Amino acid sequence: MDCSNIIEIYESPYQILLTAASLIPISHYFFGFLFISLAFLYNFLEIHFIQDLFTCFRGQPVCLTFNSCSDVYQEVVSKCRILHGRYLATPWLSSPHLQTAFLSLLGRRPAFRYRRQLFHLSDGGTIALDWLLNSNVPEASFQAKDAITEDDKTPIVVVIPGLSSDSADTYIKHCALKMAKCGWNVVVSNHRGLGGISITSDCFYNAGWTEDIRKVIDHLHHRFPEAPLFVVGTSIGANVLVKYLGEDGINSPIAGAAAVCSPWDLLICDRFIHRRALQRLYNKALAFGLKSYAQLHELVLSRLADWQSILKSRSVRDFDNCATRVLGKFETVDTYYRNSSSAAFVGNVTVPLLCISALDDPLCTREAIPWDECRANKNIVLATTQHGGHLAYYQGITAKSLWWVGAVQEFFSVLNSSSLIRRKKEAQVQSFPLINPPESSIDQGPYINITEDGMVAAMADEQTNVDNLNTEPMIQSDKNKDEISETQGSDRVMGERTHLREESPQPPGQNINDKIIPIRRYVDQLSRHSRKSIWLLAYIAIVTTWPLVGPALALFFKKRFRSILPGISRTAPR
C-alpha cells in the first residue's frame with residue numbers, strides 16, 4: 001500500500017497521527033514521561049549529580065577572596081587545609097534544596113545536653129545562654145575542668161543562631177559539639193524569646209539588632225578576661241555579627257569571628273525570595289516560622305503591633321511590615337532592610353573574619369555578597385563554594401558532618417596559635433584608653449533606680465545573674481538574692497565609670513610611668529601624623545593656587561628688579 005492509498009483511507013492527517021500513536025506501547029509512554037519528569041526535577045531542584053559524576057566525585061575547589069596584603073591570609077588561612085581543598089556534597093544530597101530540606105527536617109542531631117544560664121539585660125529582657133563545656137564531651141581531645149574560672153585561658157566560642165533558630169537546631173549542635181571536642185568551651189546565645197524563654201520586655205530582636213550580642217560578649221569578656229573569645233554567626237546571626245564588628249571596630253574584645261551564609265544585603269535577598277516559585281516556597285516556610293515565634297509571645301506582641309495582620313502574614317516581608325518594622329520603629333520595610341544590612345559595615349571590621357557562602361544558597365543569593373568590600377579589607381577572607389545550600393554543607397556518604405563546621409574550627413585553631421592574637425592584645429593596650437565600650441541606646445537612663453518596694457527598675461550593667469556552671473539548668477526563684485547581685489554589679493560599673501572622670505589614688509608598688517608611656521606614645525603618633533598632614537596640605541595649597549599666585553609673584557619680582565637694577569648699574573665702578 002502506497003502513500004496515496006493511505007491518504008484516501010484517512011481523510012484527515014490527524015487520524016494518521018492517532019493511529020501511529022496507538023501503535024506505540026504504553027510502557028514507552030511511561031518511560032518517556034518519567035524521563036521528562038526527572039529532567040524537569042533535575043533542573044528545578046538544581047541537582048548537580050551528573051556534574052559531580054563527570055569530575056569523578058572530586059568536588060569543586062573553594063574560592064578564596066582576600067586582600068593581597070592580608071596578614072589574616074598569610075598567617076592563618078594559608079595554613080588551613082580545608083579552605084584550600086575541595087568541597088563535595090553528599091552524592092544523594094547533591095542539590096542545595098535537598099541539603100537545606102534535609103538539614104531542617106531530617107538532619108541527624110547530635111545527642112548532648114547544655115547547661116543553661118539565664119542572662120538578664122538592663123532593659124528587662126532575658127537571654128538564654130546554653131553552655132557546652134569541654135568536660136561534658138567524653139570524646140574530647142583533652143579534658144578540661146568541670147567549671148570555668150575567671151583566670152581560665154581556654155578559648156570560648158560564642159554561637160549566634162539564625163532566624164527563629166535556637167541552640168537545639170541541628171547545625172548549631174553540630175558546631176557546638178565540634179568545638180567542644182577540640183577542647184574549647186562553647187556558649188550559644190539564643191535570641192530573645194527563643195530557647196524556651198519568654199519575652200520579659202517590650203524589646204524584640206531583629207536582623208540588625210546588635211545590642212544583645214554586644215552585651216553578651218562584654219559580659220563574657222569581663223567575666224573571663226583571660227579566655228580568648230571567638231564568635232560564629234549563622235544566617236541572620238552572621239548578619240548581626242558582621243554589623244556588630246563594623247560598629248565596634250577595634251573596641252570589640254573578640255579575637256576572631258566567622259560568618260556563615262550571611263544574607264549581607266537584606267533588600268536584595270528580599271527581592272530574591274520573591275523571584276521564583278521555589279524561592280517563594282522558602283518565603284512561606286520562613287513566614288510560618290516567624291508566625292510560630294509570634295504566637296509564643298502573643299500577650300506582648302498583640303499589645304505592641306497589629307496582631308491580626310501578623311496572623312495573616314504570608315511572607316517574611318509581610319511579617320516585617322506589620323511586626324518587625326513597628327517594634328524597631330522603622331518608617332518602611334525597605335528602611336529596616338537597608339539599615340540592618342551588614343554589607344555597609346564590612347569595611348570597618350578590624351577583627352580576623354572568615355566569611356563562608358555557597359553560590360547556590362537558596363535563601364541568601366550570591367548577588368548580595370560584597371566581593372569588592374571583602375577584598376579591600378585586610379582582615380577579611382571570603383570563602384565561596386559552588387554548592388552547599390543554606391547552612392547545610394553535608395559531606396560524606398553518610399552525611400554525618402557539615403563541611404563549614406570543620407572549616408571554622410580549623411580557622412579558629414590556627415588563629416588562636418598565630419601572632420595575630422598577641423598583636424590584637426598589644427594594640428588594645430597601646431590604644432587610647434577605653435575601659436568600657438560605648439553605651440548602647442537602651443542604656444541612656446540612670447545607672448540604677450531602686451523603687452520604694454526595693455525592686456531594681458533600671459540597671460547599667462547586664463552582669464546581673466551568673467549561675468555557677470557546675471549546677472544543673474534551673475530557673476532562678478530567690479528574687480532577693482537576684483536583686484542583691486544586680487545591685488552589686490551596678491555598683492561595680494559605677495565605680496569603673498567614675499574612674500574615667502576622677503583621678504584615683506595611686507596603688508602602692510605601681511609605677512606611674514606604666515600609665516604615662518602608652519599615652520605619650522599615642523600623642524607622639526598623633527603629632528607625627530599631624531606634621532605629615534600639615535606638609536601635605538601646604539603642598540596641595542601651593543599646587544592648586546600656583547596658576548594665580550605664580551604670575552602675580554613674577555610681576556612683583558619683575559617690578560622690584562626693574563627699580564633695583566638701574567641703581568646698581570649707576571653705582572657700579574667703571
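What you see is a predicted model; the values in this text were computed from it and never measured.
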Would L194 and Y205 count as a side-chain contact (heavy atoms from CB on, under 4.5 Å) if you check the C-alpha gap in whole Å, the side-chain angles of each, and the deciding distance to 0.1 Å? CA-CA 10 Å; L194 292 171; Y205 85 98; 3.8 Å; yes
Does either side chain, that of [X] or that of [Y], offer a donor lying less than 3.5 Å from an acceptor on the other one?
{"X": "T126", "Y": "T200", "answer": "yes"}
{"X": "Y171", "Y": "S165", "answer": "yes"}
{"X": "N134", "Y": "N185", "answer": "no"}
{"X": "T90", "Y": "Q395", "answer": "no"}
{"X": "T385", "Y": "Q60", "answer": "no"}
{"X": "N239", "Y": "S342", "answer": "yes"}
{"X": "R108", "Y": "T398", "answer": "no"}
{"X": "S94", "Y": "H387", "answer": "no"}
{"X": "Q99", "Y": "S95", "answer": "no"}
{"X": "T324", "Y": "D320", "answer": "yes"}

Ignoring hydrogens and geometry, is there a side-chain-to-backbone donor-acceptor pair from S341 to A343 under 3.5 Å? no
Any donor and acceptor pair, going by atom type alone, linking the side chain of H174 with main-chain N or O of D169 inside 3.5 Å? no
I'd like to know if [X] pairs up with [Y] as an ion pair, taking the criterion as any Lys NZ or Arg NE/NH1/NH2 lying under 4.0 Å from an Asp or Glu carboxylate oxygen.
{"X": "D212", "Y": "R192", "result": "yes"}
{"X": "D248", "Y": "R214", "result": "yes"}
{"X": "K79", "Y": "E410", "result": "no"}

Heavy atoms from other residues, nucleotides or ligands near CZ of F112 exceed 12 (cutoff 6.0 Å):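 Buried by this count: over 12 neighbours within 6.0 Å.
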For K178, does the NZ atom have more than 12 heavy-atom neighbours from other residues, nucleotides or ligands under 6.0 Å away?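 No, because the 6.0 Å sphere around NZ of K178 holds 12 heavy atoms or fewer from other groups.
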Could you tell me whether [X] and [Y] have their ring centroids closer than 6.0 angstrom?
{"X": "W404", "Y": "F411", "answer": "no"}
{"X": "H97", "Y": "Y282", "answer": "yes"}
{"X": "Y394", "Y": "Y87", "answer": "no"}

Quick one: which of V231, V216, I217 gives a side-chain contact (heavy atoms from CB on, under 4.5 Å) with S189?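 Among V231, V216, I217, the one meeting side-chain contact (heavy atoms from CB on, under 4.5 Å) with S189 is V216.
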Qualifying residue, where the test is side-chain contact (heavy atoms from CB on, under 4.5 Å) with V316 and the options are L286, D270, L266: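 Testing each of L286, D270, L266 against V316, the sole residue satisfying side-chain contact (heavy atoms from CB on, under 4.5 Å) is L286.
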Any chance you could lay out the side-chain contact (heavy atoms from CB on, under 4.5 Å) test for V232 and V408, step after step, and finish with the verdict? CA-CA 8 Å; V232 182; V408 170; 3.8 Å; yes
Which atom pair, heavy atoms only, marks the closest approach of Y393 to C261?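 Looks like CE1-SG, 4.1 Å.
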Run the ring pair (Phe, Tyr, Trp, His ring centres under 6.0 Å) test on F288 and F319 for me, step by step, so that the C-alpha distance in whole Å, both residues' side-chain angles and the decisive distance to 0.1 Å come before the verdict. CA-CA 10 Å; F288 178 79; F319 182 88; over 10 Å; no
Would you sort out whether E211 and K215 count as a salt bridge (Lys or Arg N to Asp or Glu O under 4.0 Å), showing the intermediate values? CA-CA 6 Å; E211 298 294 339; K215 297 294 185 181; 5.4 Å; no
Once the angle between the rings of F102 and W92 is folded into 0 to 90°, is it parallel (under 30°), tilted (30 to 60°) or perpendicular (over 60°)?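 Ring orientation, 0 to 90° scale: perpendicular.
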Nearest-0.5 Å distance that lies between atom CH2 in W184 and atom CG in L132: 14.0 Å
